[in-house]
Amino acid sequence: MSDSAAPPSRAASCKRRFALAGASIAAAIALAGLGASWASSSGPRLSELPKGPVLAKAIARGTLVVGVRSYPRPAPPEAPTPPEPDGFDAALARDLARSLGVKLDLVGLGAADQDSALREGRVDLLIAGVPAAQAPKGIDAAPGSYDTGSGLVVALRKGRVQDVPSLRGAPVCVGEGSGYAGAVALRYGAEPRSYPSSVHAVSAFMAGECAALAEDSEVLERLLKNDEWRFYKALASDLRPPSDAAVRLPAGDTVSRDYLAAALRQWRADGTLAQARGARAGNLQFEITLLKDGFVCHS
């Protein structure tokens, strides 16, 4: 048999799958952006509200610079991918830039760099989930949260954590910026372990690094319907983040803060948040499904 007729290697097959993954994820994010655009046009126009110094500076520049979470997408070991902006954060930042009539510049930031990037003026705003600690001096947050969904905790059906009381002191995998980290700690006395993204958290959980996993219920309910997730079960539901996933900005600009608060209210009212959350669930389900074969790694 000639080489051209030989079955594809696992690496080649993996690469093709990831090419399709990238296309699917990009399409889902684009659709989320289109949906947000349509939803925003049906409500009160944010563009008519006053802007404070932070937003006025972005308008004068013609570009809104937003710090977001970023992480490497799943990739074969021999072809690691660079970190890319989180799709959920990016969708909301895109809608905000659209309301201001400016271009968007996304800056991927790790949790340790977010506050300093804002204080030093490297970004105008932060849309990066729930901060790991209370905002330090010089940083403000718009009232309201864009992390509006309820969470779910799952565990192995035959693992050491079989009921809610067993969560006390148990390690629980969570993605960076997840409000469910605080929820499992406060409600169950669990010990959250943060990973660069939800996909990394799921990968770590499936590898046995944590006794349980906490994530958006929409994501986990979809996954639990898959055959490869038959070894896992829902352990606790209706988790509510104790802290807001707020849009953060430099302190002292109350007018811009009020504009951002109005944007959060509109996103909840017109369906923008619901659409972005649904797109995030679909993207994560696709990425997480790629972990099932066991030869997909994270860079």
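Panel note: side chain D253, backbone V54; a donor-acceptor pair is recorded below 3.5 Å. A donor-acceptor pair is defined here as one N or O able to donate and one able to accept, closer than 3.5 Å; no such pair exists between the side chain of D86 and the backbone of R69. With hydrogens and angles disregarded, a donor-acceptor distance shorter than 3.5 Å links the side chain of K233 to the backbone of Q162. Put simply, the side chain of R73 never gets that close to the backbone of T81: no donor and acceptor are under 3.5 Å apart. Using a distance-only test at 3.5 Å, with no hydrogens or angles considered, no donor-acceptor pair links the side chain of N226 to the main chain of E228.
Shown here for A212 and L167, the closest heavy-atom pair between the two residues is CB-CD2, 4.0 Å. The two residues G179 and P242 come nearest to each other via the heavy atoms O-CD, 3.5 Å. What you find for Q114 and L109 is that their closest heavy atoms are NE2-O, 3.7 Å. Of all heavy-atom pairs spanning V174 and A181, the tightest one is CG2-CB, 3.9 Å. In this structure, L49 and A262 approach most closely via the heavy-atom pair CD1-CB, 3.6 Å. Annotation for A142 and A246: closest pair O-CB, 3.6 Å, computed over non-hydrogen atoms.
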Name every donor-acceptor pair, under 3.5 Å, that has one atom in a side chain of residues 182-195 and the other anywhere in the protein, sequence neighbours excluded.
unit_1: R187; atom_1: NH2; unit_2: D238; atom_2: O; d: 3.3
unit_1: R193; atom_1: NH1; unit_2: E209; atom_2: O; d: 2.7
unit_1: Y195; atom_1: OH; unit_2: E209; atom_2: OE1; d: 2.8

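Atoms OG and CG, on S198 and L220 in that order, are 9.0 Å from each other to the nearest 0.5 Å. One distance of note links CD of Q275 with CG of D95; it measures 10.0 Å at 0.5 Å rounding. Atom CG of L55 sits about 7.5 Å away from atom CG of L249, to the nearest 0.5 Å. Distance check, rounded to the nearest 0.5 Å: CG of L100 to CD1 of I59 gives 5.0 Å.
Side chains of L125 and L96 form a contact here, defined as non-hydrogen atoms less than 4.5 Å apart. The side-chain heavy atoms of R122 and V65, taken from C-beta on, include no pair separated by under 4.5 Å. Side-chain contact between R280 and D216: present, with at least one pair of heavy atoms (C-beta onward) separated by less than 4.5 Å. Residues V123 and L118 have side chains in contact (heavy-atom distance under 4.5 Å, counting atoms from C-beta outward).
Both V164 and V153 are part of a single hydrophobic cluster, where members link through side-chain heavy atoms under 4.5 Å apart. By the rule that hydrophobic residues join a cluster once side-chain heavy atoms approach within less than 4.5 Å of another member, V130 and L126 end up as members of separate clusters. Under a hydrophobic clustering in which Ile, Leu, Val, Met, Phe, Trp and Tyr are joined whenever their side-chain heavy atoms come within less than 4.5 Å, directly or via other members, L106 and L92 fall into the same cluster. Linking Ile, Leu, Val, Met, Phe, Trp and Tyr residues whenever their side-chain heavy atoms come within less than 4.5 Å places L239 and L235 in a single cluster. V172 and V199 are not part of a single hydrophobic cluster, where members link through side-chain heavy atoms under 4.5 Å apart.
Between the side chains of H200 and S197, at least one donor N or O lies within less than 3.5 Å of an accepting N or O. With no hydrogens or angles considered, a side-chain donor-acceptor pair links D163 and S166 at under 3.5 Å.
Taking the charged nitrogens against the carboxylate oxygens, R61 and D124 do have a contact shorter than 4.0 Å, which makes a salt bridge.
Under the side chain to side chain contact (heavy atoms under 4.5 Å, CB included) criterion, R160 pairs with A170, P171, A211, not counting sequence neighbours. In terms of the salt bridge (Lys or Arg N to Asp or Glu O under 4.0 Å) criterion, residue partners of E218 (sequence neighbours excluded) are, by chain and number, R222, R277.
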Item to check | Derivation and outcome, salt bridge (charged side-chain N to carboxylate O under 4.0 Å, His left out), residues R248 and D115 | outcome: CA-CA 9 Å; R248 286 171 273 169; D115 290 337; 3.5 Å; yes
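Sorted by first and then second residue, the side chain to side chain donor-acceptor pair (under 3.5 Å) pairs involving residues 144-157 (not counting sequence neighbours) are S150-S217. Residue pairs meeting the disulfide (SG to SG under 2.5 Å) criterion with at least one member in residues 182-239, sequence neighbours excluded: C173-C210. Listed by first and then second residue, the ring pair (Phe, Tyr, Trp, His ring centres under 6.0 Å) pairs involving residues 220-252 are F205-Y232, W229-Y232 (not counting sequence neighbours).
Counting heavy atoms of neighbouring residues, nucleotides and ligands inside a 6.0 Å radius, atom NZ of K51 exceeds 12 of them.
Considering L223, L224, V219, L213 in turn, L224 is the only one that fulfils the side-chain contact (heavy atoms from CB on, under 4.5 Å) rule with L152.
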